[in-house]
Structure formats: structure tokens, C-alpha cells
Amino acid sequence: MVTPLHPKLPRTIKIGFKPEEPVTSLGGLVLAERLALRLGLWTMLEQGLPERNGVFSWTTCIKSAVLGLLGGGRGTYAAEGLRHDDALRKLLSLGDVPEEATVWRSLAGLGCLQQAGTLGGVHLQLSRAIVNRMRRRELLLEDLFVPVFNDGSLLEGSGRREGTKYLREKGAGLLWNTTYVGPLLVAQRLAGPGQGEPSCVRAMLAEVEEQLLKPLKLKRQALVLMDSLHGDEPTLAQLERQGLHYVVGANKLSASAATLAGQPEQVWESTAADRARGWSDSAVCVCWVQSEAWPCKRLLVGRRWMHEGEMIWNYAGVMTDLREGDVRPIMKQRRISFARAIWRLYDAKAGMETHYKEPLSDLGLHYPPCQEHLRNVGFYALGALGALLGRAVDLIGGADAQRDSRRRQDGAERQRPKPRSMRLWRLRRELFTLPARITRHGHELRVTFLGVGEGTRQLIERYWGQIARC
């Protein structure tokens, strides 16, 4: 019998301090700083924002808060970890860092800049720089469309917090509206008095088209995905004026369910049972729907299903401007009909809703830090910049692992799945929160990571190399 060896437990434990040692526990933030420099983010802020009256410039306030959020800071205290870490300030080329009270005061000015479109313009400019440096395939849905996903999220609210709204079936809170292009949060608005999700989304769509899709020549590939809240004349008419493809939920229209229920049996294509959803039977169809307030009819793609143990059909529909020629590659590759291809595109919207986990959970943006609406507007502009920069670290830094999805094996091309990306909480755990010694010699800054294993060393080198070459 072999007796396992156990390490001896120490009888005493002592602690000591060496404050003069230039070491930080957030050495991995050098990846975010390096990428921000490569993308020109700090230069964009200096050139795009006016001068600030005070000790700290707008760039210093924004940089401290954004990198503080990526490092694990929360709310108006996001920059406190940087302020008390001399080595980290040296790493990020920051002199003095604003204290919490200064960050709180600066949020009102940032809110004004966001409402004026100045800060949002910088955000879209950064988005363009990221897309230009990443693989376009990472943006594509079904290797065909660039999804433009618009939605709103209800944040924590209270009777004392300005801008708190009450939404039926959702409750009370602040309404934060966002636009994603692929995995990138490219625009955001915190709804104020008299503003709702549809009006905010229409304003953001116009900005995204003009400042992102057109300059990058992505407009023809763009596909706007939205739920039934936006399935009305103002939003649909704007999309058609802009020339953007769309698949939008139609359940808001009373005419939708009535039109689908009135379709003859022969137009329905059976899609069989779906045990995962609890459906005993289902089918899809294509027809036209006309509302009294519309100047013309629109294409309606319907779905019906029957739950286990029921005998009554349930109906749902989506409206689209797509035609068979637009989705023929999907129909051919998947061997499915036009109606099923449209529903496959719309069902991808549910997957894109998971993008909210990064800003709301990983950066703590579900909890607005201020009572005043204007300050919260400024804070969510900072949070959105942090979410965008953090996502870019993974998309660009991890690009060497994301090789071409097709390779020849035995004379045939086979599809390889995309590698799984790292969420912000995992980036923070595996890369950002690594101990490092910071030394500077002239114009050279050296970051020496301490006590990391071989796997972590290879991960850092891979991300660093990709970022340095982007």
C-alpha cells in the first residue's frame, strides 16, 4: 500500500510589504492599452472632444474610467483601483487619476457630449477602426449577411432616479437601447423623458448607416433584426427609405395573426414536431399582409405550432423585404425552403440577445450609479466604450486561433466551427488580472509577467502578437 505524501502545514504565517516594488495585479490591461493605441482611441478623444475646464482632461477621465471598468471597477468608483496603483498608472501612461468625486462630476459633461452626438461619433469612429482590423467573417450571419441587431434592456430604476419608466410586463427601470453590428456594440442611447425604444432605435439606425455601414461598404450585406415592438409603419418605412434589408417581428399587428389564421391549408409547409420546444406539430408559410395605415402590402412569413396535448394552433409572423434570390445560398446549403430560411435568420436574433451579458453583467452596467439622468447618460457612454474595447481585444487578439473555416481533407472541403470567444469576465480572469512588474527605461516600457504558467504565457504572446500587428 502506498501512502500519499501530504505537504507539511506551516506553523506560522507572516506577512510583509515592499511598496517600492513596481508591481501591479492588473498587468494584462496592457493588451487593452496597446489595442487602444493601435486603434487611435485616445487620439480620437483628444481631437473629437472639446477642452475641459479643470485639472483633468476629458481623455484622462474617460481613459481612467474605461480601463478601470475592464479591470473590475464598478460605477463611479471604476477608476479608484488605478488611482492607488502607481505601477498600473505607469503602465497605462496616466499621471494623476481622478478620484470618485471628480468622475461623478465629469459624468454630467459627458452626458451633454453624448446627447450632442460628439461622444457617440467617437464611438462609431472606433467601431469603424475595429471592423477594419478584424476578419469580416466574424461579422457574418450564415456567411451571407451582416446582422444589425437593435433592442432595449430595462435597467434598475426607482422613484428617485430620473428617467425611470414603467413598461407593462417588464416593470420599472431605465431603458437602455443599443445597436449591435455582429458582436460589436456600435451605438447606444439611454432613453429620456418622452423617448421610447422605437424612437431611439430609429435615430441610432440612421447614425449607424451613415457613419459605419456606408463608409465600410457593408450596407448591401446588412440585415436589420428587430422584435415585434418595431413592426409598425414608422420603423419599417425608415428601413425601406434607407434601403436596408430587414426581418422584423409582426406580432404587434392585429392583422398578422388574422392573416395567418385565414391561410388555406395547402400553403403551409410542415416542419414537424419540435420536442425541445414542446411542439407536437409546426409549419411555416409565406403570404402578404396589409394594414389600414400602410400605403402598400408587405411580405409576411408565418409560423404555426401546436403544444403537446393541445389541439389549437398558435401563430407568429415576421415581415421582411428579402426575396428568394437574396437567401438562395442559405436555401441551397441547408436544403430548406424560403420560409424556413427567413425564420432561421430571425431565430438568430435570440442568440444575439446574449451580447447584453457582457455590458450588463461583466461590466456591472445593469445598476445605474447616479440619480440624475444626464450623469447616467454619460456613464453609459463610458460603459459602452469599455464593452466595445474589451470585445475588440478578443476579436483581434484571438484572431490567430480563428483560422479559415474551410480546409481540404481527403480532397473535399469540410466546415469547421468557429472557435468560441472569451467573454469579458473570462478575459479579466485569464488575461487582465495578471501580476506584472513595470519598468521604464527612456522611451521603453517593459512589462514582465510574474508567476504565470506555460499555457498563460502562450495565450498572452498570441494576443499580444495579433494586437501589435493589427
Side-chain angles (χ1 to χ4, degrees), residues 45 48-50 52-54 56 58 61-62 64-66 68-69 73-80 98-124 150-180 185-208 229-230 356 358-388:
L45 292 171
L49 302 184
R52 180 176 183 268
N53 295 327
F56 300 99
W58 285 124
C61 293
I62 294 171
S64 301
V66 165
L69 286 169
R74 289 292 185 268
T76 56
Y77 288 88
E80 286 297 295
E99 61 182 359
E100 188 272 340
T102 303
V103 172
W104 178 83
R105 285 192 295 268
S106 72
L107 291 179
L110 291 172
C112 292
L113 293 174
Q114 174 64 26
Q115 290 181 338
T118 308
L119 200 50
V122 173
H123 191 108
L124 283 165
N150 304 269
D151 203 359
S153 179
L154 198 64
L155 311 174
E156 185 182 64
S158 70
R160 299 177 60 187
R161 183 167 286 140
E162 291 180 0
T164 298
K165 301 178 181 295
Y166 179 79
L167 303 181
R168 189 175 58 182
E169 300 179 357
K170 290 187 177 182
L174 300 186
L175 182 59
W176 191 43
N177 306 283
T178 58
T179 296
Y180 279 85
L185 198 171
V186 300
Q188 59 82 35
R189 288 198 177 192
L190 192 66
Q195 295 179 326
E197 183 180 329
S199 60
C200 290
V201 165
R202 287 194 292 269
M204 291 189 296
L205 276 173
E207 295 171 356
V208 170
L229 179 64
H230 306 276
Y356 270 107
E358 285 197 339
L360 298 184
S361 178
D362 300 354
L363 295 183
L365 301 190
H366 182 70
Y367 307 100
C370 305
Q371 290 187 9
E372 300 90 340
H373 175 73
L374 188 61
R375 296 188 195 278
N376 282 325
V377 169
F379 175 73
Y380 279 88
L382 294 178
L385 271 177
L388 180 61

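What you are looking at is a predicted structure, and each value in this text was computed from that prediction instead of being measured.
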query: What distance do His373 atom NE2 and Gln115 atom CD have between them, rounded to the nearest 0.5 Å?
result: 5.5 Å
- prompt: Measuring from Leu190:CG to Glu162:CD, what's the distance to the nearest 0.5 Å?
  reply: 11.5 Å
message: How close do Ala187 and Val208 get, counting heavy atoms only, and between which atoms?
response: CB-CG2, 3.9 Å
- prompt: Considering only heavy atoms from C-beta outward, does the side chain of Leu107 approach that of Leu382 to under 4.5 Å?
  reply: yes
- prompt: Is there a donor-acceptor contact under 3.5 Å from the side chain of Ser153 to the main chain of Trp176?
  reply: no
message: So Arg375 and Leu110, do their side chains get closer than 4.5 Å, heavy atoms only?
response: no
field: Exam field: side chain Ser199 to backbone Gly196, donor-acceptor pair closer than 3.5 Å
entry: yes
task: Report the distance from atom CG of Leu174 to atom CZ of Arg161, rounding to the nearest 0.5 Å.
output: 6.0 Å
message: Let me confirm one number: the CD1-CG distance from Ile62 to Leu49, rounded to the nearest 0.5 Å.
response: 5.0 Å
Audit row: His123, Glu207, side chain to side chain contact (heavy atoms under 4.5 Å, CB included) steps and yes/no: CA-CA 11 Å; His123 191 108; Glu207 295 171 356; over 6 Å; no
CE on Met204 to OH on Tyr180, rounded to 0.5 Å: 11.0 Å
message: Between Glu80 (side chain only) and Glu100 (backbone N and O only), is there a donor and an acceptor less than 3.5 Å apart?
response: yes
field: Least distance between heavy atoms, Asn376 atom then Pro368 atom
entry: OD1-CB, 3.7 Å
Closest non-hydrogen atom pair between Ala384 and Leu365, with its separation: N-CD1, 4.5 Å
- prompt: Strictly by modelled atom types, are Thr102 and Arg105 linked by a side-chain donor-acceptor pair under 3.5 Å?
  reply: yes
message: Minimum heavy-atom separation for Gln114 and Ala381, please, with both atom names.
response: OE1-CB, 3.6 Å
- prompt: So, do Thr76 and Cys370 sit near enough that their side-chain heavy atoms are less than 4.5 Å apart?
  reply: yes
- request: Would you indicate whether the side-chain heavy atoms of Pro50 and Leu113 approach each other to under 4.5 Å?
  value: yes
task: Please name the pair of heavy atoms, one in Ala78 and one in Ala65, separated by the smallest distance, quoted to 0.1 Å.
output: CB-O, 3.8 Å
task: Report yes if some heavy atom in the side chain of Ser106 is under 4.5 Å from a heavy atom in the side chain of Arg52; otherwise report no.
output: yes
task: Mind checking the CG-CG spacing from Leu124 to Leu119? Nearest 0.5 Å is all I need.
output: 10.5 Å
- line: What one should report as the nearest heavy-atom pair of Ala387 and Leu363 is N-CD1, 3.6 Å
query: Got a donor-acceptor contact below 3.5 angstrom from the His230 side chain to the Asp151 backbone?
result: no
